[in-house]
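Naming convention: chains lettered A, B, ... in sequence-line order (proteins, then strands); numbering from 1 in each chain.
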2 protein chains.
Amino acid sequence: MSEAKNKLEQAAADLQVPKAVVSRLSLYLRELQHLVRDGHETTSSTQLGGLLGFTDAQVRKDLAYFGQFGYPGIGYRCSELIDAIKRILGTNQAWPLAIVGLGNLGRALMGYRGFRHGGFQIAAAFDVDPAKIGKTVEGIQIFDLADVDRIAKERGIRLAIIAVPAPEAQKVADALVGAGIEGVLNFAPVTLNLPKQVQTIGVDLAIELEQLAFAVANQLPQT
Amino acid sequence: MSEAKNKLEQAAADLQVPKAVVSRLSLYLRELQHLVRDGHETTSSTQLGGLLGFTDAQVRKDLAYFGQFGYPGIGYRCSELIDAIKRILGTNQAWPLAIVGLGNLGRALMGYRGFRHGGFQIAAAFDVDPAKIGKTVEGIQIFDLADVDRIAKERGIRLAIIAVPAPEAQKVADALVGAGIEGVLNFAPVTLNLPKQVQTIGVDLAIELEQLAFAVANQLPQT
DNA sequence: TAGATTGTTAATCGATTAACAATC
DNA sequence: TAGATTGTTAATCGATTAACAATC
């Protein structure tokens with residue numbers, strides 16, 4: 001375990017870990033949670049890969065970046081591997097979130113229950129619309145974006161979700177960076193220009209549909 | 001142009017096109033639309049790549065999978081390249097969509113304006129909750145999922161969005177496949193098991209946050 | 001013409017898969 | 001023990017980058 005921890009830290013430090021590996025880790029975690037729910041004590045790289053369409057070798061290789069989690073001849077104990085992956089991803093800790101933009105999408109995200117798995121919880125909501133500021137959505141008070149600096153600090157918020165219209169996204173992002181936010185999940189369909197130490201992930205619903213349309217129109221073999 | 005078309009069809013048929021290339025194509029399209037809006041007539045692989053953090057070589061290589069779209073010494077004419085990419089992605093046509101699940105997220109997606117770019121339009125909404133069936137959201141009537149077969153055929157719907165709770169997603173997907181749907185954008189946090197000729201893209205908001213948390217916790221160099 | 005920029009080939013780099021000794 | 005399965009090394013495969021002749 002201290003072995004694994006060392007290797008984890010080393011891997012992160014050296015940054016030998018491909019991004020694709022990390023995204024598969026999240027998928028493994030999701031499947032493992034389903035396996036546990038269905039009463040499985042253990043699983044194997046073949047089973048876990050099979051559920052996701054990956055090879056057994058890939059599952060083992062991915063995990064090997066972070067340490068040794070399995071038992072030769074046996075496989076992996078699901079709950080152990082779940083804990084290990086959570087430690088790797090950092091989702092064994094709590095991650096209070098800020099959300100900016102309380103339009104349709106923003107309000108839907110506030111009610112989204114899937115976040116709670118993994119320590120994510122919306123700790124504050126922000127908007128610039130005076131008609132919304134001060135109101136409460138899903139039990140969370142909406143603040144003026146101008147107060148993000150103070151509130152993010154008070155509440156230990158490091159991650160933020162941007163759900164504002166495209167033309168406003170960049171200046172919202174700038175405000176968040178000013179408030180010390182370290183990671184942004186951006187739902188606005190624009191490329192944000194941020195200091196390189198701030199992490200960004202963009203989710204563009206139109207782009208997902210374009211990918212789907214291309215796959216359908218060209219009858220791509222399934223990934 | 002018939003040159004380009006031939007190469008396009010050939011590329012799709014031979015399937016030499018990596019999936020990562022297609023997803024960058026969508027990003028190029030988005031940036032090109034911004035360039036046009038900002039009054040640019042032409043652009044270059046260096047400029048387009050720079051906006052997205054890609055090398056100029058990558059932009060040219062990606063486009064080369066589908067034909068020749070540029071002018072040596074000049075670059076690319078933005079509006080021409082926009083049209084070409086839309087043809088490649090298939091978003092020059094209309095894509096009527098079905099959406100299943102009118103919870104918070106489903107309703108938010110119905111109001112999402114970003115879809116309209118690229119021929120996407122919600123043509124029918126479905127739920128299984130009798131309290132919702134027959135109501136109207138954003139001007140679209142909600143049908144019983146049991147009627148999806150007939151309505152999808154009537155309206156030429158080939159793509160569907162799943163926005164139901166995780167435990168229902170698989171049986172909803174099965175119903176959609178039965179109705180002849182060819183592509184599914186799945187917002188439920190489960191891996192769907194579908195016939196291989198049906199395309200699926202999954203968007204899991206918790207997973208996106210996990211990726212962000214990992215990146216922040218490990219101070220990853222920006223992608 | 002000189003400067004800019006493409007499309008494409010070759011070189012490099014990285015990621016996936018196969019194979020297998022070690023282990024339970 | 002025999003069968004199963006890991007972790008890891010080597011081989012394969014694929015994707016990105018660099019370089020450059022061709023073109024405007």
Using side-chain contact (heavy atoms from CB on, under 4.5 Å) as the criterion, list what pairs up with [X], not counting sequence neighbours.
X      : value
A:P72  : none
B:S79  : none
B:Q33  : B:L29, B:I82, B:K86, B:H117
A:V177 : A:L194, A:P195, A:V198

**Item:** DNA chain C contacts among residues 22-29 of chain A, heavy-atom distance under 4.0 Å
**Value:**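 When residues 22-29 of chain A is checked for heavy atoms under 4.0 Å from DNA chain C, the hits, listed by number, are A:R24.
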**Prompt:** Reading DNA chain C 5' to 3', what string of ( ), [ ], | and . shows its pairs, if Watson-Crick and G-U wobble pairs count only when both distances fall under 3.5 Å?
**Reply:** ..||||||||||||||||||||||
**Request:** Apply salt bridge (charged side-chain N to carboxylate O under 4.0 Å, His left out) to B:D56 and list each qualifying residue two or more places apart in sequence or on a separate chain.
**Result:**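 So B:D56 forms a salt bridge (charged side-chain N to carboxylate O under 4.0 Å, His left out) with B:R60.
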**Request:** With sequence neighbours excluded, tell me which residues meet salt bridge (charged side-chain N to carboxylate O under 4.0 Å, His left out) with A:D149.
**Result:**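 A:D149: salt bridge (charged side-chain N to carboxylate O under 4.0 Å, His left out) contacts with A:K153.
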**Asked** Residues in ring-ring contact (aromatic ring centres under 6.0 Å, His included) with A:F54, at least two apart?
**Response**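 For A:F54 there are no ring-ring contact (aromatic ring centres under 6.0 Å, His included) partners, ignoring immediate neighbours.
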**Asked** Any salt bridge (charged side-chain N to carboxylate O under 4.0 Å, His left out) pairs touching residues 157-173 of chain B, not counting sequence neighbours?
**Response**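 Residue pairs with at least one partner in residues 157-173 of chain B: B:R158-B:E182.
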**Within residues 197-208 of chain A or reaching into it, pairs that qualify as salt bridge (charged side-chain N to carboxylate O under 4.0 Å, His left out) - sequence neighbours excluded** =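 Residue pairs with at least one partner in residues 197-208 of chain A: A:D204-B:R30.
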**Request:** Just call it for B:S45: base, sugar-phosphate, or nothing, with non-hydrogen atoms closer than 4.0 Å on any strand.
**Result:**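 Sugar-phosphate: the residue B:S45, judged by heavy atoms under 4.0 Å, touches backbone atoms but no base.
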Distances under 3.5 Å between protein N/O atoms and the N/O atoms of nucleotides 20-24 of chain D, please, pair by pair.
unit_1	atom_1	unit_2	atom_2	d
D:dC24	O4'	B:P72	O	3.3

